[in-house]
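To start, the structure itself, in structure tokens.
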Amino acid sequence: MSNTAQTLAGGRIKALLDENSFVEIGAAVTARATDFNMNNTDTPSDGVMTGYGLIDGSLVYVYSQDASVLGGSMGEMHAKKIVRIYDMAMKMGAPVIGLVDCAGLRLQEASDALNAFGELYLKQATASGVIPQITAVFGNCGGGMAVSSAMSDFTFMESKKAKLFVNSPNALDGNDVSKCDTASAAFQSEEVGIVDVAAEETELIAKIRELVSLLPANNEDDLSYMDCDDDLNRVCTELEASAADPAIALPMISDSGIFFETKADYGKDMVTGFIKLNGTTVGAVANRSTLYDKEGNAVEQFDAAISARGCDKAAKFVEFCDAFNIPVLTLTNAAGFKATKCSEKKMAKAAAALTYAFANATVPKVNVVTGKAYGSAYVTMNSKGLGADVVYAWPNAKIGMMGAKLAAKIMYPDADAKELREKEAAYAELQNNVASAAKRGYVDTVIEAQDTRKYVIGAFEMLFTKRDDRPVKKHGTV
């Protein structure tokens, strides 16, 4: 064990892993650079602890940067130690967790440090979709290290002291940190969407452990199953009343209320996260129409409109689930796409990304239409036409091109009020009624809301052995 074991870097590893499970690798490694009197500078472990250990009995690899050694800056040997951990993790098929506190590139090592960064990026790219990658930022994470964090599957950030930035706030033209702290956890989680969880250090470490317990170890060997003590046929009596906010509804469906939400502060019209169904981890994507606080008060309305941010968030989540063979459940309540000038700048591209993610995913996909399902927004949300394996709908769901009132106005622009009401009723009956979608095979079964849990569990059990062959290609380009 190196001298750094008593530092914050060592303390974070100790808090993260199961007791006495950490085994350090490369404790004796130091910097080999000699420029600028580096040969006279003590660099124990070259500023990063690396090794392996257990989380709830499962193998993980971890690196933790030591800010007391040259600010935790990234040098040649520092990066090589992390790269070695990645090599071992991919051979053994286990997640990599990075605990970051890094001043950035080590200036004394110049091109050697730059090359080392490139080697780290290459290793992360190679590992992407093979093993889960998790980064937690506790101090500084600037410049090239910010890129590394963004390449991870999940990013955690200490809410008060951590800083994540490519360019520091004061380096941005016309800005300083007193105006807008672009490096803060709040900005990175709410505006940028890189950060999945922002919290104080103790809670942050607990959340990492919780996430790891829900994820498969790699893309081939799934160790994320657990025994289910919950009733598989449990009736969810409050589900329909809670459907407006999936962050409340999803735990009701899940085994024992388990729900890990990702990127909760970004694209709030869309909810993404992991639940358990009959002991199996399932990725959930759901439209939100109302956001409630912890006291049950409505704090924000979204009118069942999908935003560009919501699309981006959901697309990345679905791609992760597909890469690691995690089934996907969607709760659809989409009346259309958000209609603002700002959103329109990215709406088409973001919607295309989400559409592609669902269409391209070959994992089991189940959709439950809980409310409105109108137009292209409905198609994008894991519809039958897009490749959903099973589609359920609640009795009061509405599936169609658009709301009946607007449709009647467009089709009969010269009609008076009485005729419009008649046409609206006819359109609702013929086109927006869930029964009409079921007659055409776009909905497999109309179910009562309270029975949702048992139906989706049954569907995923049936789809467990799903195989979906696609044309041979290198990769898509959407």
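Here, residue 1 is the first one in the sequence, and each next residue gets the next number. Keep in mind it's a predicted model, so treat the numbers as computed, not measured.
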Between D269 and S307, does any side-chain donor sit less than 3.5 Å from a side-chain acceptor? yes

Find the distance between CG (N278) and CZ (F464) and round it off to the nearest 0.5 Å. 10.5 Å

Rounded to the nearest 0.5 Å, how far does CG of L211 lie from OG1 of T262? 9.0 Å

Residues that Y292 engages under ring-ring contact (aromatic ring centres under 6.0 Å, His included), provided they are two or more places apart: none

Salt bridge flag under 4.0 Å for residues D196 and K263: yes

Any side-chain heavy atom of D245 within less than 4.5 Å of one from L291? yes

Within-4.5 Å side-chain heavy-atom neighbours: V192 and F187: yes

Do you know the tightest heavy-atom contact between V137 and A162? O-CB, 3.4 Å

Please check: side-chain N/O of T50 versus main-chain N/O of I82, any donor-acceptor pairing under 3.5 Å? no

Look only at the side chain of K81 and the backbone of V48, and say whether a donor-acceptor pair between them is shorter than 3.5 Å. yes

Quick check: does any side chain N or O of S64 sit under 3.5 Å from a backbone N or O of A9, one acting as donor and the other as acceptor? yes

Does K384 NZ have over 12 foreign heavy atoms under 6.0 Å away? yes

With a cut-off of 6.0 Å (strictly less than), are more than 12 heavy atoms of other residues, nucleotides or ligands near OH of Y266? yes

Flag the pair E200 and K160 as a salt bridge only when some basic side-chain nitrogen lies within less than 4.0 angstrom of an acidic carboxylate oxygen. no

Do side-chain atoms of R288 reach the backbone of K268 as a donor and acceptor pair under 3.5 angstrom? yes

Between D389 and K466, does any NZ, NE, NH1 or NH2 come within less than 4.0 Å of an OD or OE carboxylate oxygen? yes

Electrostatic pair R12-E201, nearest N-O below 4.0 angstrom: yes

Would one find more than 12 heavy atoms of other residues, nucleotides or ligands at under 6.0 Å from atom CG of D227? no

Identify, with sequence neighbours excluded, every residue that meets ring-ring contact (aromatic ring centres under 6.0 Å, His included) alongside F317. F274

I need the D255 CG to L232 CG distance, nearest 0.5 Å. 7.5 Å

Does a side-chain heavy-atom distance below 4.5 Å link S242 with M252? yes

Does any N or O in the side chain of D153 come within less than 3.5 Å of the main-chain N or O of Q133, such that one atom is a donor and the other an acceptor? yes

With side chains defined as the heavy atoms from C-beta onward, is the minimum distance between M145 and S148 less than 4.5 Å? yes

Worked check of salt bridge (charged side-chain N to carboxylate O under 4.0 Å, His left out) between D18 and R209: CA-CA 10 Å; D18 295 350; R209 288 179 59 88; 3.0 Å; yes

What is the distance from atom OH of Y225 to atom OG1 of T280, rounded to the nearest 0.5 Å? 5.0 Å

Closer than 3.5 angstrom, by distance alone: can the side chain of N218 be matched with the main-chain N or O of E220 as a donor-acceptor pair? yes

Please identify each residue that fulfils ring-ring contact (aromatic ring centres under 6.0 Å, His included) with Y392, with sequence neighbours left out. Y455

Any idea which heavy atoms bring L463 and P364 closest together, and the distance? O-CG, 3.5 Å

Test item: K123 and D87 side chains (from C-beta on) under 4.5 Å apart, heavy atoms: yes

Do Q188 side-chain atoms and T182 backbone N/O form a donor-acceptor pair below 3.5 Å? yes

Distance-minimising heavy-atom pair for A308 and A350: O-CB, 3.5 Å

Nearest heavy-atom neighbours spanning F259 and P251: CB-CG, 3.7 Å

Regarding D181 and K163, does a basic nitrogen lie under 4.0 Å from an acidic carboxylate oxygen? yes

Taken to the nearest 0.5 Å, the spacing of N140 CG from Q65 CD works out to 10.5 Å

Please give me the minimum heavy-atom distance between N175 and P169, naming the atom from each residue. ND2-O, 3.2 Å

Give a yes or no on this: more than 12 heavy atoms of other residues, nucleotides or ligands lie within 6.0 Å of atom CD of E191. yes

Just by distance, do the side chain of R309 and the backbone of E190 share a donor-acceptor pair under 3.5 Å? yes

I'd like a table of donor-acceptor pairs (distance under 3.5 Å, sequence neighbours excluded) in which one partner is a side-chain atom from residues 322-334, with atom names and distances.
unit_1 : atom_1 : unit_2 : atom_2 : d
D322   : OD1    : T362   : N      : 2.8
D322   : OD1    : V363   : N      : 3.4
N325   : ND2    : N219   : O      : 2.9
T330   : OG1    : V366   : O      : 3.4
T330   : OG1    : N367   : OD1    : 2.9
T330   : OG1    : N382   : ND2    : 3.0
T332   : OG1    : N367   : OD1    : 2.8
T332   : OG1    : N367   : ND2    : 3.4
T332   : OG1    : M381   : O      : 3.4
N333   : OD1    : K372   : N      : 2.8

Is there a side chain to side chain contact (heavy atoms under 4.5 Å, CB included) between Q450 and L239? Walk through the geometry before answering. CA-CA 6 Å; Q450 64 181 13; L239 185 60; 6.0 Å; no

Kindly say whether L204 contributes a backbone atom to a donor-acceptor pair with the side chain of E158 at under 3.5 angstrom? no

With sequence neighbours excluded, tell me which residues meet side chain to side chain donor-acceptor pair (under 3.5 Å) with D312. none

Closest non-hydrogen atoms of K365 and A361, given as atom of the first, atom of the second and distance, are NZ-O, 2.9 Å

Kindly compute the distance separating CD (E203) from OG (S159), expressed to the nearest 0.5 Å. 8.0 Å

Do the side chains of M270 and L354 get nearer than 4.5 Å, heavy atoms only? yes

Residue pair C311 / I306, side-chain heavy-atom distance below 4.5 Å: yes

Apply salt bridge (charged side-chain N to carboxylate O under 4.0 Å, His left out) to residues K316 and E319 and explain how you reach the verdict. CA-CA 5 Å; K316 290 183 176 69; E319 287 174 349; over 6 Å; no

I need the full list of side-chain hydrogen bond (donor to acceptor under 3.5 Å, both in side chains) pairs touching residues 340-359, with sequence neighbours left out, sorted by first then second residue. T355-T380

Take a 6.0 Å sphere around CZ of R84 and say whether it holds more than 12 heavy atoms from other residues, nucleotides or ligands. no

Taking the side chain as C-beta and beyond, is there a heavy-atom pair between L99 and V62 under 4.5 Å? yes

Between W394 and T452, is a side chain to side chain contact (heavy atoms under 4.5 Å, CB included) present by the stated rule, with each step listed? CA-CA 9 Å; W394 292 354; T452 299; 3.0 Å; yes

Counting neighbours of NZ on K207 that are heavy atoms of other residues, nucleotides or ligands and sit closer than 6.0 Å, is the number greater than 12? yes

Check for a donor-acceptor pair, side chain of Q124 on one end and backbone N or O of M151 on the other, with a separation under 3.5 Å. no

When you compare the side chains of K276 and T281, does any donor N or O come within less than 3.5 Å of an acceptor on the partner? yes

Using the ring of each side chain (for Trp, its six-membered ring), is Y86 parallel, tilted or perpendicular to Y63, with breaks at 30° and 60°? tilted

